[in-house]
Amino acid sequence: MALQCIKKYLNIDTYYKTNKATKAKIFYDKVSSGQSGYSKTVTLPKGTIVASDLGKNSKFYFYENRLNYGLVNKYAKKGYVVGAHSYGVSVSPSSFKKISTPSYLPTWSYGNLYLGGASAAKKFYEYPCESEC
């Protein structure tokens, strides 16, 4: 039986690059509980690459948990981490230019690396049965 790939496991995000320094709101959660904690307005430097699947509207939403660790951790209070399931928000959509997927990301990948290669990665995922495909 051939292994079928399900779209939700693939990285099909669109990438954008800031064309100038841009203010954005980042959300932080408590480490131990995952509860929302606080938000902080930060400046994304010119050239920052962000991933988004929400496009550009009056506000621009992007995956904040994929930003540079040093950038988001700089503003984290003790006991808080950048939100795992929330979006960063910028009120300046014109500051983002659509780009192709960065070359440092393998095709369809989020950039996760596993010691032991592809066979090791398979141990971490349960593949749904064909009835869910």
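Keep in mind the model is a prediction, meaning the values are calculated, not measured.
Aromatic ring centres of F62 and Y87: separated by at least 6.0 Å.
Side-chain contact between Y28 and K77 is absent, with no heavy-atom pair separated by less than 4.5 Å. The shortest side-chain heavy-atom distance between L67 and T48 falls under the 4.5 Å cut-off. Annotation: side chain of L71 is not in contact with side chain of I26 (no heavy-atom distance under 4.5 Å). With a 4.5 Å cut-off on side-chain heavy atoms, R66 and D13 count as touching.
Note: Y61 OH to K25 NZ = 10.0 Å, rounded to the nearest 0.5 Å. Here the straight-line distance linking atom OG1 of T18 with atom CZ of F60 works out to 10.0 Å at 0.5 Å rounding. In this structure, K17 NZ and K98 NZ are separated by 16.0 Å, a value rounded to the nearest 0.5 Å.
Ring geometry, Y16 versus F96: the interplanar angle exceeds 60°, so the pair is classed perpendicular (tilted spans 30 to 60°).
In terms of heavy atoms, L44 sits closest to V50 at CD1-CG1, 4.5 Å. Residues Y15 and A51 approach most closely at CE2-CB, 3.6 Å, considering heavy atoms.
Although no hydrogens or angles enter the test, the distance criterion places no donor-acceptor pair under 3.5 Å between the side chain of S94 and the main chain of S92. Counting only distance, with no hydrogens or angles, the side chain of E64 and the backbone of F27 share a donor-acceptor pair below 3.5 Å. With hydrogens and angles disregarded, a donor-acceptor distance shorter than 3.5 Å links the side chain of S90 to the backbone of K23.
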